[in-house]
Amino acid sequence: MSYNFKETMSKPERLAPGHRMCAGCGGTIAVRNVLRGLHEGDKAVIGNATGCLEVSTFTYPYTSWEDSYIHNAFENAGATMSGVEGAYKALRRKGKIDDTYKFIVFGGDGGTYDIGLQSLSGAMERNQDMVYVCYDNGAYMNTGIQRSSATPMFADTTTTPAGTCSNGKPQNRKDLAVVMAAHDIPYVGQTTFFKNFRDLHVKSEKAIYTRGAAFLNVMAPCPRGWRYNTPDIMEICRLGVETCYWPLFEVENGKWTLNYQPKEKLPIEDFLRPQGRFRHLFKKGNEYLLEAFQKEVDRRWEELLFLCSR
């Protein structure tokens, strides 16, 4: 796919400034860059599961969205957009509408990995012509930084606090991109803010213009929940990729492709150290926790390499 960075970045903004999201929020960076995948002249209907993004970009009667926008409850964004996409097809058949619309849902990991999983799974299984985008910040950030199934192992959250009796969340994070690929849908992509955003821009356009169901999982760091120096968001994302914690890959009609392989795979400590939620892992005596984390990252990386080699 041809790609022109200047052309992509010069597209009109579809998320207006003045919203109430935190400074340096990964969620809004994800939204603005995903929407740059839309071609000029095409319209969009945006669905948004309840979460940080919804409560901060839409406060009736004010909205930051330039396109048609639907606020959904946590659990039903996939179902609602399925209905909208079906209504659009019916109106097109009857000749009552001739504009080109694309259907895009945004949800955080709480509304995607957990509460909204059933309606998302249904929409994907039916192969609805829509894109579901998860801005994955690894916890329920809007309601107080509680753990979700996207929260990585050993992370300190308000419901899995690290201390004398706990090392943080004891479970591994759910690998939702793999779960979505198991639905046998036309397109799945995993990406983040890496280098000049090329990977995110290309995958967004590809997902939006793939016929049928598509899913994008975007690592979108949260400065409050992850507790890193806010201006360092791009470096955090780079380290997530270079340590293979968050590999860049896509699955097109069952074909797995690794989009980036580090020349030198960095140790997972490089990704964890700048984040306050993992500060306890670097205390004396907790070296075995870092070893366990590294072992899990290595296991998943080897599995991904195998899938992409077939």
Side-chain angles (χ1 to χ4, degrees), residues 14 27 30-31 34-35 37-38 42-54 57-58 65 67-93 97 99-137 140 148-150 174-191 200 203-220 249-256:
R14 293 182 183 246
V31 169
V34 167
L35 294 180
L38 285 160
D42 287 352
K43 299 179 180 178
V45 178
I46 307 296
N48 190 188
T50 298
C52 290
L53 186 65
E54 177 271 317
T57 60
F58 177 78
W65 301 89
D67 293 285
S68 300
Y69 175 80
I70 304 172
H71 162 223
N72 289 104
F74 257 125
E75 67 273 11
N76 64 349
T80 298
M81 194 57 74
S82 296
V84 175
E85 185 259 349
Y88 170 73
K89 285 180 178 176
L91 291 169
R92 291 270 288 190
R93 285 196 301 269
I97 189 170
D99 292 320
T100 299
Y101 277 86
K102 295 299 179 181
F103 305 93
I104 306 171
V105 177
F106 291 100
D109 50 277
T112 305
Y113 282 66
D114 298 340
I115 302 173
L117 183 61
Q118 47 82 22
S119 64
L120 167 60
S121 177
M124 297 293 103
E125 186 275 331
R126 292 189 300 271
N127 199 29
Q128 305 281 165
D129 193 7
M130 58 181 276
V131 183
Y132 193 109
V133 182
C134 177
Y135 63 98
D136 185 343
N137 54 35
Y140 288 86
S148 76
S149 61
K174 185 191 295 181
D175 198 338
L176 189 59
V178 174
V179 174
M180 290 296 107
H183 285 67
D184 198 25
I185 59 178
Y187 187 78
V188 173
Q190 180 163 289
T191 186
L200 176 55
K203 285 176 179 171
S204 297
E205 183 177 358
K206 195 179 290 188
I208 291 168
Y209 289 95
T210 291
R211 187 176 181 84
F215 177 80
L216 279 178
N217 205 22
V218 186
M219 184 174 73
F249 67 90
E250 58 190 341
V251 188
E252 299 178 85
N253 297 308
K255 173 63 177 174
W256 290 70

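Predicted model only: the values in this text are computed from it and were never measured.
Each of L216, T57, N48 was checked for a side-chain contact (heavy atoms from CB on, under 4.5 Å) with F106, and the lone residue meeting it is N48.
The minimum heavy-atom distance linking A207 with A214 is given by the pair O-CB, 3.6 Å. The shortest non-hydrogen separation linking V45 to M81 is O-CE, 3.5 Å. Residue Y101 comes nearest to Y88 through the heavy atom pair N-OH, 3.2 Å, listed as atom of the first residue, atom of the second, then distance. The two residues G212 and D129 have their closest heavy-atom pair at N-OD1, 3.1 Å. Among all heavy-atom pairs drawn from Y135 and G51, the shortest one is OH-C, 4.3 Å. Heavy atoms only, all atoms of each residue included: S119 and A77 are closest at OG-N, 4.0 Å.
Checking side-chain atoms of Y132 against main-chain N and O of A123 turns up no donor-acceptor pair under 3.5 Å. No donor-acceptor pair closer than 3.5 Å links the side chain of T112 to the backbone N or O of L117. Looking only at distances, a side-chain donor or acceptor of N127 sits under 3.5 Å from a matching main-chain atom of A213. K102 contributes no side-chain N or O that, together with a main-chain N or O of L38, makes up a donor-acceptor pair within less than 3.5 Å.
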Test side-chain contact (heavy atoms from CB on, under 4.5 Å) on I46 and L35 and set out the steps.
CA-CA 10 Å; I46 307 296; L35 294 180; 3.9 Å; yes
Pair F249-W256, ring-ring contact (aromatic ring centres under 6.0 Å, His included): steps then yes or no
CA-CA 7 Å; F249 67 90; W256 290 70; 5.6 Å; yes
Decide yes or no on side-chain contact (heavy atoms from CB on, under 4.5 Å) for V179 and F215, but give the supporting numbers first.
CA-CA 11 Å; V179 174; F215 177 80; over 6 Å; no
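Atoms OG and CD1, on S204 and I104 in that order, are 8.5 Å from each other to the nearest 0.5 Å. Between atom OG of residue S82 and atom CZ of residue F103 there is a gap of 11.0 Å, rounded to the nearest 0.5 Å. Residue N217 holds its CG atom at 8.5 Å from CG of D109, rounded to the nearest 0.5 Å. Of the inter-residue distances, the one linking Q190 atom CD with K203 atom NZ reads 7.5 Å to the nearest 0.5 angstrom. In this structure, OG1 in T210 is found 9.5 Å from CD1 in I185, a value given to the nearest 0.5 Å. Of the inter-residue distances, the one linking I70 atom CD1 with E54 atom CD reads 12.5 Å to the nearest 0.5 angstrom.
Within the 4.5 Å cutoff, the side chain of M180 has no heavy atoms near those of the V251 side chain. The closest side-chain heavy-atom distance from Y113 to D136 is below 4.5 Å.
Side-chain contact of S149 with D114: a donor-acceptor pair under 3.5 Å is present, judged by distance alone.
By the 30° and 60° cut-offs, the orientation of the rings of Y140 relative to F74 is perpendicular.
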